[in-house]
There are 2 protein chains.
Amino acid sequence: MVTETGSITIHNVAKVAGVSISTVSRVVNGLDRVAPDTRHKVKTAIRRLDFHPNSRAQALSRKRTDTISLIVPDFEGQYFSMLMEGAHEEAQANGVHIMVLKAKSSEEKIEAVTRLCSQGRTDGVILMLSDLYGDVLKGIGHINSPLVILDQDVHSWRLDNILLDNRIGAFEATRHFIDTHNVDDVFFLGGSEDNVDTTARARGFADALKSIGLNAKGRQFFGNSYSYDEGYHLAEEKIFPLINPEKHYGVVAANDDIACSIIDALMDKGIRVPEQVGVTGFDDSDMAIHRRLKITTMRIPTKEIGRVAVRMILNRLSGRVSEPAKVVLKARLIVRDSCGCGRHDNSIPGDKHGK
Amino acid sequence: MVTETGSITIHNVAKVAGVSISTVSRVVNGLDRVAPDTRHKVKTAIRRLDFHPNSRAQALSRKRTDTISLIVPDFEGQYFSMLMEGAHEEAQANGVHIMVLKAKSSEEKIEAVTRLCSQGRTDGVILMLSDLYGDVLKGIGHINSPLVILDQDVHSWRLDNILLDNRIGAFEATRHFIDTHNVDDVFFLGGSEDNVDTTARARGFADALKSIGLNAKGRQFFGNSYSYDEGYHLAEEKIFPLINPEKHYGVVAANDDIACSIIDALMDKGIRVPEQVGVTGFDDSDMAIHRRLKITTMRIPTKEIGRVAVRMILNRLSGRVSEPAKVVLKARLIVRDSCGCGRHDNSIPGDKHGK
DNA sequence: TAAAATTGTAAAAAGGTTTTTATAACATCA
DNA sequence: TGATGTTATAAAAACCTTTTTACAATTTTA
């Protein structure tokens, strides 16, 4: 029983304190009652030997790793950063760790989740599903660890689920133009029609139009991706020709990247933004404020998503919750300048700043 | 020995295959030779029972968690994303996992590293040190797991170390203005003087000036942080007054945020960028291309840093390497428009685009 | 052909905890 | 004072592997 390796174990502590290992364990974990005198002896020995329980042995014995896995399609953008921020905060506060994995394709996702769980390497999995999900969830099948699905409504699968109400978000952005700015018309410019965010936001835009008796048809345009250059061309080709200089418009962009490109494209065409055309973004990313014309955008409570996701896993581990939980978080309109609400003197070509 | 829980263990496999557990282990790990016939029996049983080795038990027995910890001050920006990208790629390729922790203060860093290591929760630690490091490394003291330090030169501590040559990067950006654009003068605008990146880049700028017999004094300015608004005001207050409309200047910004704010501030003052004043950034972040005037910037091989860091840990674990390794990576100049190299017709107020 | 080496497998030990069971010491009640 | 409870601790079992040791069976060498 003599450990020749350098590490101090519960056995060493027991010997020094003159008690059994089970007593040491009880002192360390503080669950069971121990005589004050004994407790003191053990604590002294622990301090003297600088004993730290071996987490690997604890994991085996407790059947728990104190690790939660976060699986995302990629590590880019603020969404991931904020998700991490929230997840880490909640994890840290509860003494668990976050393991991060990237899985883009359905196969990769299935493989990652099943491997992590069947190996018992993680106590729970947070899986971000931005695209199709049926085959992924079917592929995963039954697992014994808690699983939280992000970003995609997986109703009927009886899984913990966190969603963002993109529809309402876009609805509000659109209504902002209608209600506050009294625009003559409003357009939507999205990324790919395959993207769940874009489609949900397009739906919100359409709903807002419907609410005032208009049809979205001919007012929304899509590209192949969320890129600046593509957004720029789309704005040039689709939006610009529809602009009547006498009128006042609003453009709801599916995200901040696209909002940037729309603003630049229209300004390059000589359109005054936001006077003639107001623009709103989505995501409240860095670029919304790293510009002369600060972008009005929908802020997504991403950090909250991360926090809630970890909380859900912990709840399930504690066994307190039984029914699958579904949390829908709402985006919030951050009013800045690009919609026309803020200072009006900063983005007008040839204005008093001397251009 | 009958496990009542649902999980399949090596014992179940052994029983079904009619062999001992050690034989199953040898088949699974494939280290020792096993008779073809026995191997087949075992493999069949494994497949039939859908056995997966319990990683917690493996961790205890092998004294290794197949987990590498990445400790960063925060999760924001492309630097973190790219670091993760590289680290995950290398980790995935070697069957290990990445655990991510946030530690801002020195105390948090010390606490995180020592706890992870003394508990045996990780096989190695990648620690990003952007600020002072002496007290952190002293606080950490001796640990038994491999430790790689990022971003800060910790010579004399005999630790694996990965650095970015910020000095050379800024030197090259500065020389680009001098050599290619033949500017009449050049300025540097940084973040906080406490920030190691800013100071190293300022040094590179100064070295470039010295190389042509000039002094950096009066040509470099610092703020309190890396923020857009502060950069904007600094550019207004410090750079603008120095600009002679008849002359041609270059401004080296300590990062892309500041480059954005300089460009906007100068343009708002009626200065033509890049014709009168060229600007370069640093980092090649998103915002460098999400603008009308694409920013010339120094691209940092961040992904490579992540990859190399993991590789260093793995090398050390394998025991093949003995001496501490030090890798210095270089930033690369990405030439776009803001320095004056690209198209010149896009950012001029009142140009042919009709403004 | 006896001795030695090799091969294939079983049995046991080790890894460091937690948790259950057992036991001793002591207090409480009838 | 003997039965009953309570408390504090020790001992042992369990968690599930990997790895070492031991031992037969077989092959090779002298």
Side-chain angles (χ1 to χ4, degrees), chain A residues 1-43 45-46 49-66 117-121 123 144, chain B residues 1-43 45-46 49-66 117-121 123 144:
Chain A
M1 210 95 327
V2 179
T3 38
E4 297 296 338
T5 65
S7 57
I8 304 296
T9 76
I10 213 174
H11 290 94
N12 302 314
V13 176
K15 182 174 282 179
V16 168
V19 299
S20 76
I21 59 161
S22 44
T23 300
V24 178
S25 176
R26 287 199 315 273
V27 169
V28 170
N29 297 299
L31 309 158
D32 230 330
R33 51 211 153 356
V34 178
D37 188 42
T38 317
R39 157 164 285 123
H40 180 75
K41 276 191 300 183
V42 172
K43 285 203 160 170
I46 287 176
L49 297 174
D50 190 31
F51 164 74
H52 296 269
N54 182 309
S55 71
R56 295 189 301 261
Q58 286 184 324
L60 176 60
S61 188
R62 294 173 169 167
K63 301 172 193 298
R64 158 160 67 83
T65 58
D66 293 327
C117 294
S118 66
Q119 290 184 158
R121 191 177 281 281
D123 295 348
N144 33 18
Chain B
M1 209 91 333
V2 180
T3 38
E4 298 295 340
T5 65
S7 56
I8 304 295
T9 76
I10 213 175
H11 290 94
N12 302 314
V13 176
K15 183 173 280 177
V16 168
V19 299
S20 76
I21 60 162
S22 44
T23 300
V24 178
S25 175
R26 287 200 316 273
V27 169
V28 169
N29 297 299
L31 308 159
D32 230 332
R33 54 215 148 356
V34 179
D37 188 41
T38 317
R39 157 164 284 123
H40 181 74
K41 275 193 300 185
V42 173
K43 284 204 160 170
I46 287 176
L49 296 174
D50 191 31
F51 164 75
H52 296 268
N54 182 309
S55 71
R56 296 187 302 262
Q58 287 183 323
L60 176 59
S61 188
R62 294 174 169 166
K63 302 174 192 300
R64 154 160 71 83
T65 58
D66 293 326
C117 294
S118 65
Q119 289 182 158
R121 192 178 279 283
D123 296 347
N144 32 19

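What's counted below: heavy atoms across the whole structure, side chains too, no hydrogens, waters or symmetry copies. Labels below follow one simple rule: chain letters A, B, ... track the order of the sequence lines, proteins then strands, and each chain is numbered from 1.
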(message) Any side-chain N or O of A:N29 below 4.0 angstrom from OP1/OP2 of C:dT18?
(response) yes

(request) Report the residues that fulfil side chain to side chain contact (heavy atoms under 4.5 Å, CB included) with B:I21, sequence neighbours left out, ordered by chain and then residue number. (result) B:I10, B:H11, B:A14

(request) Would you kindly give the CG-to-P distance between A:N12 and C:dT17, to the nearest whole Å? (result) 9 Å

(request) Nearest whole angstrom, please: distance from the P of C:dG16 to the CG of A:L49. (result) 14 Å

(message) Measuring from the side chain of B:A35 (C-beta onward, heavy atoms only), which nucleotide among C:dG16, D:dC16, C:dT9 has the closest atom?
(response) C:dT9

(request) Starting from the 5' end of DNA chain C, give me the residue, B:A57 or B:R26, whose nearest nucleotide shows up first. (result) B:R26

(message) Does any part of the side chain of A:I46, heavy atoms only, come nearer than 4.5 Å to the side chain of A:V28, both counted from C-beta?
(response) yes

(request) Measure the distance from CD1 on A:I21 to C1' on D:dA10 and round it to the nearest whole Å. (result) 10 Å

(message) Could you tell me how far apart A:I10 (CD1) and D:dA14 (P) are, to the nearest whole angstrom?
(response) 19 Å

(request) Take the protein atom NZ of B:K63 and the nucleotide atom P of C:dT17, then report the distance between them rounded to whole Å. (result) 11 Å

(request) Send over the distance from B:R64 CZ to C:dG16 P, rounded to a whole Å. (result) 16 Å

(request) Compare side-chain N and O positions of B:R62 against OP1 and OP2 of D:dT18 and report whether any pair is under 4.0 Å apart. (result) yes

(message) Below the 4.0 Å mark, does D:dT7 have OP1 or OP2 next to a side-chain nitrogen or oxygen of A:R33?
(response) no

(request) Identify the heavy atoms of A:V42 and A:V19 that sit nearest to each other, and give their distance. (result) CG2-CG2, 3.8 Å

(message) Could you report the tightest heavy-atom contact between B:T65 and B:A59, atom names first, then the distance?
(response) CA-CB, 4.3 Å

(message) At less than 4.0 Å, is any side-chain N or O atom of A:S7 found next to OP1 or OP2 of C:dG16? Yes or no.
(response) yes

(request) Please report, rounded to the nearest Å, how far the C1' atom of D:dT18 is from the CG atom of B:D66. (result) 14 Å

(message) If the cut-off is 4.0 Å, is A:S22 near the phosphate of D:dA11, judged by side-chain N/O to OP1 or OP2?
(response) no

(request) State, with a plain yes or no, whether a side-chain heavy atom of A:K41 is found less than 4.5 Å away from one of A:T23. (result) no

(message) Considering every strand and a 4.0 Å limit on heavy-atom distances, what is the contact class for A:V28: base, sugar-phosphate, or nothing?
(response) nothing

(request) May I ask you to evaluate whether B:Q58 reaches the phosphate of D:dT18, defined as a side-chain N or O under 4.0 Å from OP1 or OP2? (result) yes

(message) Pick the closest DNA chain D nucleotide for B:D32 and for B:L60 by heavy atoms, then say which residue is nearer the 5' end.
(response) B:L60

(message) Does a side-chain N or O of B:S61 approach OP1 or OP2 of C:dA14 to a distance below 4.0 Å, or not?
(response) no

(request) Output the distance between atom CD1 (A:I8) and atom CG (A:D50), rounded to the nearest 0.5 Å. (result) 8.0 Å

(message) Over all strands shown, is A:G18 touching base, sugar-phosphate only, or nothing at heavy-atom distances under 4.0 angstrom?
(response) sugar-phosphate

(request) Could you state the atom-to-atom distance from NE2 of A:H11 to C1' of D:dA12 in whole Å? (result) 11 Å

(request) Side chain of B:T38 only, please: which of C:dG16, D:dC16, C:dT9 is the nearest? (result) C:dT9

(message) Closest approach to the side chain of A:S25, judged atom by atom: which nucleotide of D:dA10, C:dT17, C:dT18 is it?
(response) C:dT18

